[in-house]
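Computed from a predicted model, the values in this text were never measured in an experiment. Order of listing sets the numbers, starting from 1, for every ligand and every atom in it.
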Amino acid sequence: MKRAILAALGLATSLALPAAADDLKVGLLLPFSGVYAALGNDIEAGFTLALDEFGSDTGVTFDVVREDTEVKPPVALGKAKKLILQDKVDVMAGIVSSGVLGAVRDMVHGAGVPLIVANAGNDDATGASCSPFITRMSFSNGQVNRPMGTWMYDQGIRKVFTLAPDYAAGRQMIDGFTQTFTAAGGEVVGQEFTPFQKTQDFGPYLAQAKASGADAVYVFYAGGEAISFVKQYDSFGLKAELPLYGSGFLTSPLYVNAEGPSAEGVITALHYVPTIDNPANAAFVAAFKAKTGRVPSEFAVHGYDAGRALVTAVQTGARDRETLAAALRKVSFDGPRGALSIDPATNNIVQPIYVYETVAGDDGLTQKVLAQLPAEADPVNGCAMPAVSN
Ligand code: PHB
C-alpha cells in the first residue's frame with residue numbers, strides 16, 4: 001500500500017527521507033508515452049503484481065519511483081540520473097528500447113546501481129558492454145531471432161526478405177535471424193530498415209518485398225508500428241502469396257486484437273505466450289487477468305519476472321546496491337515461461353523459445369504453440385565481465 005501511494009506521488013518520493021534499513025527504493029524507468037507506452041504499462045502491471053504476490057512477507061517495503069523515458073535516449077538518460085543521484089534508488093528496473101538501454105548503460109555501470117532489464121534486448125548490454133550491475137530478465141535480440149532462422153529453413157523456406165525499424169533492436173534482431181538462416185543454407189534476397197517511429201506508409205517496402213523473389217518475409221516490429229505493418233501487409237494483398245514471419249513482438253497479445261484478422265496465420269517466435277501450458281503460467285494468467293482484465297503479454301511477464309527476481313534477491317538478505325547486484329545475477333526459478341536462469345558469463349537470461357501461430361480463438365485472436373525450441377543462452381558476444389571494484 002505504501003509503495004502504491006509513493007508511486008502515485010511520483011516525484012514527491014524524491015523528497016522523502018533516506019530509506020530505513022528495510023525500505024528499498026526502486027526506480028522504474030519505462031516509456032509511459034510514445035510508441036512503446038502500452039508496453040511500459042504492461043511491464044509496470046506485471047512488476048507490481050510480483051511485488052504484491054512474492055514481496056509481502058519479506059518485511060521489506062518497496063518504494064517505487066516511476067519515470068517516463070518517452071522512448072527517447074537523451075530524456076531517459078536525464079531520468080536515470082535523477083533516479084540515481086537525486087532519489088538515490090537502491091535498484092532500478094525497466095527500459096523497453098535498446099536505444100535507451102545503450103544510452104543509460106555507462107551511467108548505471110559507473111554509479112554501481114543494479115539494473116534489472118525488463119524488456120530492451122540490446123545484445124551489447126550483455127555482450128561487449130556487459131556489467132555486473134546489469135541483469136536481464138527479458139531476452140536479448142539475438143536470442144529470440146536465431147532459433148527462427150534454423151526453424152524456417154527446416155520448414156523448406158529458402159529465400160527471405162527482411163524488414164525492421166532502423167535502430168539498434170531492429171538491426172540486431174535481423175542480424176540474429178540472418179546468421180542462422182544463412183548458416184543453414186538460406187538466402188536473404190533483400191533487406192530494408194525503415195525510419196524508426198516515422199514510417200507510416202510501408203507500401204514502398206512491401207512493393208520491394210513482392211518483387212524480390214522471396215518465399216517469405218521476416219520482420220521485427222513492435223507496438224504501434226507492428227499494428228500498422230500487419231494491417232498494411234494484408235491490405236497490400238501480400239499475405240496469401242508471401243507468408244509473414246517474424247519475432248513474436250509482431251503479434252503480441254498486447255495488441256494483436258488491434259491487428260484483427262490481418263494477424264491470423266502469421267508465424268513468429270518468442271520466449272513467452274500466454275497459452276504456454278504449465279502451472280506457474282496458469283496461476284500468472286489468472287492473477288494478471290484478475291488485476292487488469294487483460295491476458296498477459298510477454299511485456300507483462302518481463303515485469304513480473306523482474307519483480308520476482310528483485311524479491312528473490314531480497315530474500316537472500318541483500319539490501320544495498322552491491323549485494324543486490326550480486327544476488328540478482330544468481331537468480332533462477334520456474335516461472336510462467338518455464339525454467340529461467342541467469343548466465344553468469346553475460347548476465348543474460350537463459351530460457352526456451354516458442355514458435356507460435358496467431359489463430360482465431362473463442363475470445364479473439366490467440367497463440368497456438370507450434371514448437372518449443374531448446375533453452376537459448378547467448379554466446380558471450382565480447383563480454384569480459386568486469387569485477388566489482390567498490
Ligand atoms: C528493443 O528496443 O529492444 C525492443 C523494443 C520493443 C520490443 C522488443 C525489443 O517489443
Side-chain angles (χ1 to χ4, degrees), residues 29-44 46 69-73 75-76 93-105 115-127 129 134 136-146 148 163-177 193-197 199 218-230 246-256 258-259 263 266 268-273 296-303 305-306 337 348-349 351 353-354 356 358 367 378 381:
L29 191 57
L30 287 169
F32 295 112
S33 58
V35 279
Y36 290 158
L39 288 61
N41 285 325
D42 234 32
I43 292 171
E44 182 180 33
T69 66
E70 302 172 27
V71 205
K72 293 179 184 150
V75 171
I95 313 219
V96 164
S97 156
S98 282
V100 165
L101 182 53
V104 305
R105 184 269 171 203
L115 166 65
I116 311 169
V117 179
N119 188 73
N122 194 329
D123 291 330
D124 290 343
T126 49
S129 303
I134 299 178
R136 181 152 45 203
M137 290 303 292
S138 46
F139 62 91
S140 76
N141 292 331
Q143 181 182 47
V144 284
N145 290 276
R146 284 191 310 267
M148 265 309 244
L163 277 168
D166 189 8
Y167 81 108
R171 292 195 171 261
Q172 293 174 1
M173 299 228 190
I174 297 301
D175 267 8
F177 167 79
F193 292 96
T194 56
F196 181 41
Q197 307 200 66
T199 308
Y218 185 88
V219 307
F220 160 68
Y221 285 105
E225 290 194 324
I227 300 172
S228 314
F229 182 83
V230 169
S247 54
F249 310 105
L250 184 66
T251 45
S252 171
L254 182 59
Y255 37 75
V256 74
E259 295 169 354
V266 176
T268 56
L270 211 52
H271 47 288
Y272 177 74
V273 285
S297 68
E298 64 277 21
F299 309 109
V301 93
H302 301 160
D305 286 342
R337 340 174 200 183
N348 194 44
I349 192 164
Q351 60 189 342
I353 300 292
Y354 301 87
Y356 75 94
T358 296
Q367 298 75 30
D378 268 354
N381 283 336

Identify, by atom number and element, the atoms of ligand 1 in contact range of [X], meaning under 4.0 Å from any of its heavy atoms.
X	value
Met173	8 (C), 9 (C)
Asn119	4 (C), 5 (C), 6 (C), 7 (C), 8 (C), 9 (C)
Tyr167	1 (C), 2 (O), 4 (C), 5 (C)
Tyr36	5 (C), 6 (C)

| Shortest non-hydrogen contact from Leu30 toward Gly94 | CD2-CA, 3.7 Å

| said: Under 4.0 Å, counting heavy atoms only: does Gln172 come that close to any atom of ligand 1? | reply: no

| query | Quick check: does Gly121 get an N/O under 3.5 Å from an N/O on ligand 1? | reply |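 By distance alone, the answer is yes.
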
| task | Could you verify whether a donor N or O on one side chain and an acceptor N or O on the other, from Thr199 and Glu225, lie under 3.5 Å apart? | result | no

| Which class fits the ring pair His271 and His302: parallel under 30°, tilted 30 to 60°, perpendicular over 60°? | parallel

| request: Please examine the side chains of Arg146 and Asp378, heavy atoms only from C-beta on, and report whether any two atoms are closer than 4.5 Å. | output: yes

| said: Side chain, backbone, both or neither: which applies to Leu101 and ligand 1 if a contact is any heavy-atom pair less than 4.0 Å apart? | reply: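 Neither part.
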
| request: For atom 3 (O) of ligand 1, grab the closest protein heavy atom and report residue, atom and distance to one decimal in Å. | output: Ser98 OG, 2.6 Å

